[in-house]
*Asks:* 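The structure's right below; bear with me while I get my questions together.
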Amino acid sequence: MEQLNPEKLPRHVAIIMDGNGRWAKKKGLTRIIGHQNGVKSVREVVKASRELGIRWLTLYAFSEENWKRSKYEIRALMDLLKRYLKSELKEMLENDIRLSCIGQIDKLPIDVQTTLWHSIEKTAHNKEMTLTLALSYGGRQEIIWAIKNMLKDVEKGLLNIKQITEERFPEYLFTADAPDPDLLIRTSGEFRISNFLLWQIAYTELYITPALWPDFSKERYLEALLDYQKRERRFGSTSG
Ligand code: IPE
Ligand code: IPE
Ligand code: MG
């Protein structure tokens with residue numbers, strides 16, 4: 001396999017982890033087993049990102065629209081999330097990984113919120129990598145929330161309309177402290193964004209792989225990163 005250029009790594013990788021259900025169906029297993037196997041890929045990608053020196057990793061774990069799923073599947077996903085957070089805390093502390101989250105966290109079950117905030121607090125001083133979980137997250141909802149908060153600042157006289165610019169607006173998004181993603185990976189072959197990071201991906205490189213999320217291994221991740229390194233990012237300018 002070709003070698004990755006450590007000088008040209010994406011600073012921020014975002015992933016739409018899709019295909020757990022189809023992976024399970026293909027094997028004659030339940031969707032829940034698919035999600036359980038998806039957690040293995042999460043572990044592998046987090047570990048590989050940290051080893052490579054990627055500074056920001058954002059994982060789409062549960063969308064605002066995923067609340068439309070059955071109560072049974074939602075509870076199973078929430079239980080898996082809680083178990084993941086508990087089992088990975090030690091690993092995050094040992095590897096200098098800061099945990100963060102974006103989304104309407106107050107919609108999550110209380111027990112999950114408690115576990116999540118505990119891990120976020122414990123890892124708050126870690127520096128090498130920020131792992132952000134998008135939970136009950138929707139890009140459109142985030143933009144509306146940001147506009148409302150911005151208008152509150154206008155009402156308070158902290159901001160005037162002239163100051164509403166491309167530079168200031170992102171300060172009101174959930175992702176205020178993070179750079180925009182350089183690379184967005186989507187597994188399971190769907191060519192859509194599904195309401196993920198709408199504002200933030202304006203100039204992000206997209207990589208779509210047919211691999212289903214539980215099959216997304218370290219090797220496949222490296223392939224995605226190699227592909228990214230071959231791209232020419234222009235940001236609207238000309239080549240060279
Ligand atoms: C991704 O797998 C996990 C979540 C969206 C929570 P899916 O559950 O969407 O799997 P498919 O798309 O049905 O295969
Ligand atoms: C996107 O996957 C959301 C997550 C990966 C959490 P979905 O399976 O929910 O997306 P659609 O329904 O195929 O667009
Ligand atoms: Mg899906």
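In what follows, every heavy atom counts, from backbone to side chain, and hydrogens, waters and symmetry copies are set aside. Counting starts at 1 for both ligands and their atoms, in listed order.
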*Asks:* Kindly indicate whether the side chain of Leu159, heavy atoms from C-beta on, has any atom under 4.5 Å from the side chain of Arg168.
*Replies:* yes
*Asks:* Going by atom types only, do Thr114 and Asp111 share a side-chain donor-acceptor pair under 3.5 Å?
*Replies:* no
*Asks:* Return the minimal non-hydrogen interatomic distance between Tyr60 and Asn195, and the atom names on each side.
*Replies:* OH-O, 3.5 Å
*Asks:* Could you check whether any side-chain N or O of Glu205 sits under 3.5 Å from a backbone N or O of Arg233, counting only pairs where one atom can act as donor and the other as acceptor?
*Replies:* no
*Asks:* Do Thr187 and Arg220 have side-chain N/O donor and acceptor atoms under 3.5 Å apart?
*Replies:* no
*Asks:* Is the shortest distance from a Lys or Arg side-chain nitrogen in Arg98 or Asp177 to a carboxylate oxygen in the other one below 4.0 Å?
*Replies:* yes
*Asks:* Is it the case that Trp56 and Thr132 place a side-chain donor and acceptor less than 3.5 Å from each other?
*Replies:* no
*Asks:* Only one of Ile15, Leu197, Ile193, Thr58 passes side chain to side chain contact (heavy atoms under 4.5 Å, CB included) with Leu184; say which it is.
*Replies:* Ile193
*Asks:* Closest approach of Ser239 and Arg234, non-hydrogen atoms and distance?
*Replies:* CB-NH2, 3.4 Å
*Asks:* So if I count the atoms of ligand 1 from 1 in the order they appear, which ones are less than 4.0 Å from some heavy atom of His35?
*Replies:* 3 (C), 8 (O)
*Asks:* Pull up every protein N/O/S atom sitting under 2.8 Å from the Mg ion (ligand 3), skipping waters.
*Replies:* Asp18 OD1
*Asks:* Tell me which residues fall inside the under-4.0 Å heavy-atom shell around ligand 2.
*Replies:* Ile16, Met17, Asp18, Tyr60, Ala61, Phe62, Ser63, Asn66, Arg69, Arg186, Arg192, Ser194
*Asks:* Going by the angle between their ring planes, with limits at 30° and 60°, are Phe196 and Tyr137 parallel, tilted or perpendicular?
*Replies:* perpendicular
